[in-house]
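In the text below, chain A, chain B and the rest are named by the order of the sequence lines, each starting its count at 1.
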2 protein chains.
Amino acid sequence: MASSARRRVLLRDVAEHAGVSSATASLVLGGRDVRVSEDTRQRILRAARELDYRPNLMARSLRTQVSSTIGLVADTIITGHYGGDIIRGALTASLEHGHRLLICESEGDPKLEPVLVDDLVARQVDGILFTTASHDVVELPAALADQRVVLVNCEAGPGVPSVVPDEVEGGRAAARLLTDAGHREGIVLVGETLTRKLPAQRRLEGLLAGLAAAGTGFADRIDCAWWPEAGFDALTEALASGLRPRALVCLNDRIALGAYQALAAAGLSVPGDVSVVSFDDSELASWLRPTLSTIALPEFDMGRTAVDLLLGDDPPAGVVLVPMPVRERASVAPPSSR
Amino acid sequence: MASSARRRVLLRDVAEHAGVSSATASLVLGGRDVRVSEDTRQRILRAARELDYRPNLMARSLRTQVSSTIGLVADTIITGHYGGDIIRGALTASLEHGHRLLICESEGDPKLEPVLVDDLVARQVDGILFTTASHDVVELPAALADQRVVLVNCEAGPGVPSVVPDEVEGGRAAARLLTDAGHREGIVLVGETLTRKLPAQRRLEGLLAGLAAAGTGFADRIDCAWWPEAGFDALTEALASGLRPRALVCLNDRIALGAYQALAAAGLSVPGDVSVVSFDDSELASWLRPTLSTIALPEFDMGRTAVDLLLGDDPPAGVVLVPMPVRERASVAPPSSR
DNA sequence: TTGAAAGCGCTACCAT
DNA sequence: ATGGTAGCGCTTTCAA
């Protein structure tokens with residue numbers, strides 16, 4: 001028999017096959033098998049198996065007003081190779097909750113955001129995750145006002161549930177990595193320091209607090225953008241004009257890559273001459289030689305936490321901080337005696 | 001008036017407000033506004049605007065049997081920081097088609113695949129994209145047999161629509177990068193060469209063809225896994241035992257990173273002493289110093305193409321090859337005279 | 001313990 | 001040109 005395009009099997013088919021009403025079949029197959037004799041229960045189950053019945057979740061959702069679907073709207077989170085693990089964490093948690101993820105990207109076009117949100121709402125999602133590639137303060141799209149929503153990696157007004165990395169404590173941890181190794185002098189910051197970007201501000205705040213706790217501070221600050229080339233150029237120039245750092249705190253791994261390149265070009269070794277710590281724990285960190293000690297962005301955890309909160313019964317009325325794990329690798333050593 | 005949780009406004013509300021039947025309202029708001037007087041049309045549109053009506057897409061889909069949703073099941077595509085752009089391409093194309101993407105990851109657990117597929121089917125997706133992080137031959141989950149499906153970055157039996165990179169031509173292009181610069185001798189392959197992995201096999205095939213076309217071939221082959229450290233170790237050892245390559249073909253960018261590190265450690269410069277070409281065009285390629293000439297994995301295009309084919313009227317009965325763009329950067333120079 | 005029937009919110013047919 | 005009505009496939013009273 002040619003397996004031609006046969007009609008999908010419906011609940012009613014199963015019921016018929018088992019000689020019961022579709023109401024009873026629904027009861028059994030929906031798992032709420034109270035008030036049904038074991039005999040009919042088995043008959044229904046077997047019928048479903050024999051006919052290879054799969055419920056139409058769309059119809060079920062329309063009836064129950066529960067779609068078991070979460071909407072996720074991001075700006076450029078997959079694009080940038082940043083934030084991908086937020087999605088993975090959300091994916092994993094969603095799976096555990098029996099939910100599926102409806103994902104969209106606004107591609108950085110703010111006009112698109114409300115459109116996407118509206119569409120998700122129209123599709124009856126049970127909740128919405130709103131997330132950005134870089135930790136920032138955002139204006140919440142008005143369409144989200146009435147919705148169950150959790151922000152991820154961004155923050156809005158007070159009372160809006162959001163999940164972000166604990167950058168300040170991360171900064172402290174980074175400082176500790178250096179001070180615990182004995183560093184007190186020649187500690188230099190490399191990164192965008194005169195910015196309103198949250199990660200920069202808060203990491204810096206934590207760093208200053210951490211260094212102060214050990215009775216020290218930055219010997220110097222090198223301002224540069226968040227990219228390898230910027231880090232290379234800025235540090236190369238600083239080195240050329242006589243700077244001799246004993247330890248570098250790079251505001252992210254990409255800058256650290258640039259710093260490694262600049263140090264190598266100047267004939268300085270890591271960590272023999274200069275220790276380096278950084279932030280993010282991107283793949284890069286374990287690829288560099290020596291491997292890079294860095295404070296990890298807890299993306300996976302953030303995604304997972306956000307879903308748990310979104311689906312939980314009392315979403316937090318404000319910001320939830322997720323700890324940034326310390327990845328101790330090979331780029332830190334005690335200061336060389338000179 | 002406190003904006004308390006008021007009932008969602010329905011099509012019937014709009015109809016009532018405009019003094020027409022819901023049938024007419026549906027016609028107008030559905031865009032098929034033939035056979036309706038301009039006057040009532042305007043009334044309905046205005047009513048919808050005033051009441052801020054949003055159709056329930058779930059209900060619409062149930063009725064029309066079209067969900068304007070695409071399911072995407074991946075293995076570890078977001079995890080691995082590989083394949084993320086496939087998703088982005090699919091996202092962009094979906095948006096253009098007015099579709100949304102329901103994304104799931106099997107997290108490498110093959111048992112999960114049919115479960116996820118079944119769930120997507122139950123949710124009435126209009127089609128399914130099945131994709132893997134690394135280009136491979138896969139066994140198509142049985143549940144996909146009756147479905148409209150396009151494979152991305154993987155291939156199954158004959159007749160199954162799938163979209164993959166044109167690795168062979170990519171290999172040719174890589175060879176050309178070197179031979180065009182004048183290289184004929186001391187060209188060494190670095191990568192996993194004794195493998196059944198499709199990218200390795202086909203890139204190699206293209207490389208051999210390309211080199212042969214210029215009357216040359218590989219002077220040597222260094223076997224190593226697809227990671228920076230493996231590349232570093234393997235090349236370091238080869239260099240130590242006297243190998244003096246004039247050009248390296250690395251089977252991907254990560255290996256190229258390891259190769260850069262090994263060459264630097266051996267005091268060899270790129271491209272002065274040794275030219276390097278590679279595959280993938282990951283972010284890394286533009287971060288290295290000198291920047292790396294590499295044959296790009298056309299992930300975005302693959303994702304976009306797959307969606308177009310999935311939603312088009314005649315899905316291809318087999319493999320569609322997407323060209324791998326050449327990214328010419330700074331890691332290739334004419335062979336040094338020695 | 002089971003079944004009949006109503007209805008989730010929408011579209012599409014067939015009247016008028 | 002417009003409206004009544006019958007579903008899409010399921011769950012959920014309510015009655016038997």
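Defining each end axis of the helix from C:dT1-D:dA16 to C:dT16-D:dA1 as the rotation carrying four pairs' C1' atoms onto the next four, with five pairs an end, the two axes are found to diverge by 40° to 10 degrees.
The side chain to side chain donor-acceptor pair (under 3.5 Å) search around A:His17 returns A:Glu50, not counting sequence neighbours. For A:Arg123, the salt bridge (charged side-chain N to carboxylate O under 4.0 Å, His left out) partners two or more places apart in sequence, or in a different chain, are A:Asp119. With sequence neighbours excluded, no residue forms a side chain to side chain donor-acceptor pair (under 3.5 Å) with B:Ser94. Take A:Ser106 and apply the side chain to side chain contact (heavy atoms under 4.5 Å, CB included) test, not counting sequence neighbours, and it matches A:Asp75, A:Leu112, A:Glu113, A:Leu116.
Of all the heavy atoms in B:Val152 and B:Thr131, the pair that sits closest is O-OG1, 3.0 Å. Between A:Leu11 and A:Tyr53, the closest heavy-atom pair is N-CE1, 3.3 Å.
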Summarise protein proximity over nucleotides 7-16 of chain D in one line of letters, 5' to 3': B for base, S for sugar-phosphate only, - for none, counting protein heavy atoms closer than 4.0 Å. BBBBBB----
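Rounded to an integer number of Å, the gap from CD of A:Glu16 to P of C:dG3 is 13 Å. In this entry the distance linking CG of B:Leu29 with P of C:dC10 reads 10 Å, nearest Å.
A salt bridge links A:Arg54 with A:Asp52: the distance from a Lys NZ or Arg NE/NH1/NH2 to an Asp or Glu carboxylate oxygen falls below 4.0 Å.
Among the heavy atoms of the strands lying under 4.0 Å from B:Thr40 are primed sugar atoms or P, OP1, OP2 only; no base atom is included.
A:Thr305 places a side-chain N or O within donor-acceptor distance of the main-chain N or O of A:Asp301, the cut-off being under 3.5 Å.
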